[in-house]
Amino acid sequence: MSRQFGWALGELGHIEGQNIAIEYRYAGGKFERLPELAAELVRLKVDIILAAGGDGVIRAPKNAIKTIPIVMVGQGSDPVEAGLGESLAHPGGNVTGLTNLLVQLGGKRLELLKEAVPKIARVAVPYVRADRTHRLELKSVQSAARALGVTIQPREVRDADDFDRVFAVMSS
């Protein structure tokens, strides 16, 4: 448990191991395990599920149970578009929480960059092809770029070591 989370619980009078139990589950990058882990939490009859991650991490408990509240945090696509809620204002069902709406903000970030640097003509965009959210955000940026008269130069990053290559190409 993070120090801030533990502190916040303590401020509300909740002390782990005394009057609150927290069940942690982690798929370790094996997304096929998510439904099994969600089912395990349902069998334990938890009061709430905190789903930290993308759409798949949230969808697993949503598919497993309709009555336990699921709070989503972290990255992910538009939760309405992903079928996780009816609308942002009134999600309905048992899923609520926060998302950073990466996809929708890509074009807006490009607009702000163009506003800050009006003469900008080309923008390199590093992205991970294997990540659906990155691909969708790139499309959003490309669409905004057409409207702004900016040329987008997509630069695929395959792993952490690939950044040096991508930045070298971007600076030439």
Problem set entry | Nearest atoms (heavy-atom pairs only) where Ile20 meets His14 | CG2-CB, 4.0 Å
Problem set entry | Heavy-atom pair of closest approach, residues Pro35 and Glu32 | CD-O, 3.5 Å
Exercise. Is there side-chain contact between Glu16 and Leu9, with at least one heavy-atom pair below 4.5 Å?
Worked result: no
Problem set entry | Lys66, NZ atom: more than 12 neighbouring heavy atoms under 6.0 Å | yes
For this session: Would you kindly confirm whether Leu138 and Leu113 end up in one hydrophobic cluster when ILVMFWY residues are joined by side chain heavy atoms under 4.5 Å apart?
Result: yes
Exercise. Is any NZ, NE, NH1 or NH2 atom of the basic residue among Arg135 and Glu137 found under 4.0 Å from an Asp or Glu carboxylate oxygen of the other?
Worked result: no
For this session: Would you give the length of the straight line joining atom CD of Glu115 to atom CG of Leu110, rounded to the nearest 0.5 angstrom?
Result: 11.5 Å
Exercise. Hey, are the side chains of Leu41 and Glu23 touching, using non-hydrogen atoms and a 4.5 Å cut-off?
Worked result: yes
Exercise. Are Leu148 and Val123 connected in a single hydrophobic cluster, I mean Ile/Leu/Val/Met/Phe/Trp/Tyr linked by side-chain heavy atoms less than 4.5 Å apart?
Worked result: yes
Exercise. Would a distance-only check, ignoring hydrogens and angles, find a side-chain to backbone donor-acceptor pair under 3.5 Å from Arg25 to Glu40?
Worked result: no
For this session: Find out if a path of hydrophobic residues (ILVMFWY) with successive side-chain heavy-atom gaps under 4.5 Å connects Phe5 to Tyr24.
Result: yes
Exercise. Can you hop from Leu12 to Ile22 via hydrophobic side chains spaced under 4.5 Å?
Worked result: no
Problem set entry | Student check: side-chain heavy atoms of Pro154 and Val125 closer than 4.5 Å | no
For this session: Indicate the atoms forming the closest heavy-atom contact of Tyr26 with Arg33, along with that distance.
Result: O-NH1, 3.6 Å
For this session: State whether Glu111 and Lys108 are salt-bridged, where the test is any N-O pair (Lys NZ or Arg NE/NH1/NH2 against Asp/Glu carboxylate O) under 4.0 Å.
Result: yes
For this session: Kindly determine whether Ile48 and Ile70 satisfy side chain to side chain contact (heavy atoms under 4.5 Å, CB included), including the steps that lead there.
Result: CA-CA 6 Å; Ile48 189 168; Ile70 300 165; over 6 Å; no
For this session: Begin from the C-alpha positions of Leu98 and Met72 and carry the test side chain to side chain contact (heavy atoms under 4.5 Å, CB included) through to its verdict.
Result: CA-CA 6 Å; Leu98 304 170; Met72 63 180 177; over 6 Å; no
Problem set entry | Euclidean distance, Leu34 CG relative to Ile58 CD1, rounded to 0.5 Å | 11.0 Å
Problem set entry | Cluster overlap Val46 with Ile65, hydrophobic side-chain contacts below 4.5 Å | yes
For this session: Might you work through the side chain to side chain contact (heavy atoms under 4.5 Å, CB included) test for Leu136 and Tyr127, ending with a clear yes or no?
Result: CA-CA 10 Å; Leu136 291 171; Tyr127 76 103; over 6 Å; no
Problem set entry | Whether over 12 other heavy atoms sit under 6.0 Å from Arg165 CZ | yes
Problem set entry | Separation between CD of Glu81 and CG of Asp55, rounded to the nearest 0.5 Å | 9.0 Å
For this session: For Gly92 and Glu86, work out which heavy atoms get closest and say how close.
Result: CA-OE2, 4.3 Å
For this session: Evaluate side chain to side chain contact (heavy atoms under 4.5 Å, CB included) for Lys45 paired with Arg43, printing each intermediate quantity in order.
Result: CA-CA 5 Å; Lys45 297 183 169 125; Arg43 282 192 302 278; over 6 Å; no
Exercise. Do side-chain atoms of His134 reach the backbone of Val128 as a donor and acceptor pair under 3.5 angstrom?
Worked result: yes
For this session: Over all heavy atoms of both residues, which pair between Ile68 and Asn94 is shortest? Give the atoms and the distance, please.
Result: O-ND2, 2.8 Å
Seminar exercise, completed: The reported gap from CD in Glu156 to CG in Asp162 (rounded to nearest 0.5 angstrom) is 7.5 Å
Seminar exercise, completed: Smallest heavy-atom separation, Pro69 atom then Asp47 atom, equals CD-O, 3.3 Å
